[in-house]
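As structure tokens, the structure follows; a few thoughts come after it.
Not measured: the values here are computed from a predicted model.
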Amino acid sequence: MFRILVFSALGLAVLPSAANSQAGTEESQIAEAVSPLPEPLRAGAEVRLFVNGQLSTVRQGSNGLICLGDDPVQERWHVACYHESLEPFMARSRELRAQGVTGRAAIDQARSAEIESGKLEMPDGPAALYSLTGEEGSFNPATGNADGASGLHVIYVPYATEASTGISTVPSRDRPWLMSAGKPWAHVMIAR
């Protein structure tokens with residue numbers, strides 16, 4: 001089963017390079033954060049990096065994509081980029097975790113209730129997420145590649161079902177499949 005990591009807390013301060021708890025220059029950390037994206041989308045993505053446990057925006061974007069750098073307190077290396085229409089959904093997950101809510105089911109239950117009540121917005125159309133996950137040190141700043149990391153591309157299609165899309169709900173590594181069918185966060189999984 002594929003694992004989509006949800007991120008801890010959102011901050012909006014500008015990052016001073018010396019304050020960053022991760023190794024490497026800010027430039028290499030930005031390259032690392034945008035590495036899941038197709039090359040033509042990287043330059044225009046907003047980038048947020050972890051500083052003292054908080055996400056800080058280090059580069060404003062112009063193409064509607066938000067990239068989060070690796071959280072150094074997590075065991076595995078993970079970077080992800082997603083469409084800005086997913087930000088309320090992603091931010092709420094980070095807020096719930098910061099409040100001590102643990103486990104995917106508890107977070108999903110809280111977000112589901114808020115989506116159904118209209119308090120939490122979901123995209124009104126498809127929205128992409130790109131991620132890479134691997135062992136610490138997976139990203140090579142010299143090459144700009146994450147050798148050995150697993151890639152996952154996701155297309156959120158709220159409330160999509162097998163019947164509405166023709167996409168199987170059976171997990172697979174060699175074809176797209178629909179996860180969380182019928183839920184507000186239904187999404188097509190595309191492993192690479």
Side-chain angles (χ1 to χ4, degrees), residues 1-13 33 36-37 45-57 61 63-133 150-172 176-191:
M1 188 64 64
F2 302 107
R3 183 173 127 186
I4 296 177
L5 300 177
V6 186
F7 314 97
S8 54
L10 172 63
L12 297 175
L37 290 174
E46 177 178 315
V47 178
R48 299 175 186 175
L49 300 175
F50 284 90
V51 179
N52 301 322
Q54 301 292 314
L55 278 174
S56 297
T57 301
N63 66 4
L65 292 166
I66 298 169
C67 293
L68 306 182
D70 179 52
D71 183 348
V73 301
Q74 298 298 317
E75 263 183 52
R76 297 186 50 99
W77 177 80
H78 178 79
V79 290
C81 302
Y82 52 85
H83 189 264
E84 64 191 359
S85 63
L86 289 166
E87 178 57 14
F89 181 70
M90 299 299 183
R92 186 60 180 137
S93 179
R94 293 189 295 267
E95 291 166 0
L96 289 165
R97 287 186 190 283
Q99 294 168 5
V101 178
T102 59
R104 186 179 195 158
I107 290 171
D108 284 351
Q109 183 178 12
R111 291 189 298 186
S112 180
E114 292 176 5
I115 291 166
E116 295 304 322
S117 75
K119 181 179 176 183
L120 179 59
E121 289 184 43
M122 286 299 290
D124 56 9
L129 177 144
Y130 304 84
S131 72
L132 290 170
T133 303
S150 297
L152 182 63
H153 299 200
V154 177
I155 302 170
Y156 282 82
V157 186
Y159 302 100
T161 64
E162 199 171 63
S164 72
T165 63
I167 301 171
S168 173
T169 58
V170 177
S172 176
W177 61 282
L178 184 63
M179 185 173 187
S180 302
K183 297 191 181 297
W185 54 87
H187 52 280
V188 178
M189 304 281 281
I190 307 165

How close do [X] and [Y] get, heavy atom to heavy atom, and via which atoms?
X	Y	answer
A80	S131	CB-CB, 3.9 Å
E84	I66	CA-CD1, 4.0 Å
R111	L96	CG-CD1, 3.9 Å

Roughly how far, to the nearest 0.5 Å, is [atom2] of [Y] from [atom1] of [X]?
X	Y	atom1	atom2	result
C81	R48	SG	CZ	11.5 Å
E162	L178	CD	CG	7.5 Å
D108	S93	CG	OG	8.0 Å
Y82	L65	OH	CG	10.5 Å

Can you find a pair of side-chain heavy atoms, one from [X] and one from [Y], that are under 4.5 Å apart?
X	Y	result
H187	L129	no
S56	L49	no
L152	M189	yes
L55	F50	yes

Intermediate values then yes/no, side chain to side chain contact (heavy atoms under 4.5 Å, CB included), V188 and T165: CA-CA 10 Å; V188 178; T165 63; 5.9 Å; no
Does CD in Q99 sit with more than 12 non-hydrogen atoms of other residues, nucleotides or ligands closer than 6.0 Å?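 Check passes, neighbour count above 12.
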Please walk me through it: do K183 and S112 pass side chain to side chain contact (heavy atoms under 4.5 Å, CB included)? CA-CA 8 Å; K183 297 191 181 297; S112 180; over 6 Å; no
Could you check whether the rings of W185 and F89 sit parallel, tilted or perpendicular, using 30° and 60° as the cut-offs?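 Rings of W185 and F89: parallel, as their planes differ by under 30°.
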Cationic N near anionic O, under 4.0 Å, R94 to E87: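 E87 and R94: salt-bridged.
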Could you pull out every donor-acceptor pair under 3.5 Å between side chains of residues 113-123 and any protein atom, sequence neighbours left out?
unit_1	atom_1	unit_2	atom_2	d
E114	OE1	R92	NE	2.8
E114	OE2	R92	NE	3.2
E114	OE2	R92	NH2	2.8
E116	OE2	Y159	OH	3.1
S117	OG	A113	O	3.4
S117	OG	E114	O	3.0
S117	OG	K119	N	3.3

Who passes side chain to side chain donor-acceptor pair (under 3.5 Å) against N63, sequence neighbours left out?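 Testing N63 for side chain to side chain donor-acceptor pair (under 3.5 Å), a comparison that skips the adjacent residues, returns none.
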Taking only residues two or more places apart in sequence or in another chain, which ones pass side chain to side chain donor-acceptor pair (under 3.5 Å) with S164?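 Residues passing side chain to side chain donor-acceptor pair (under 3.5 Å) with S164: T161.
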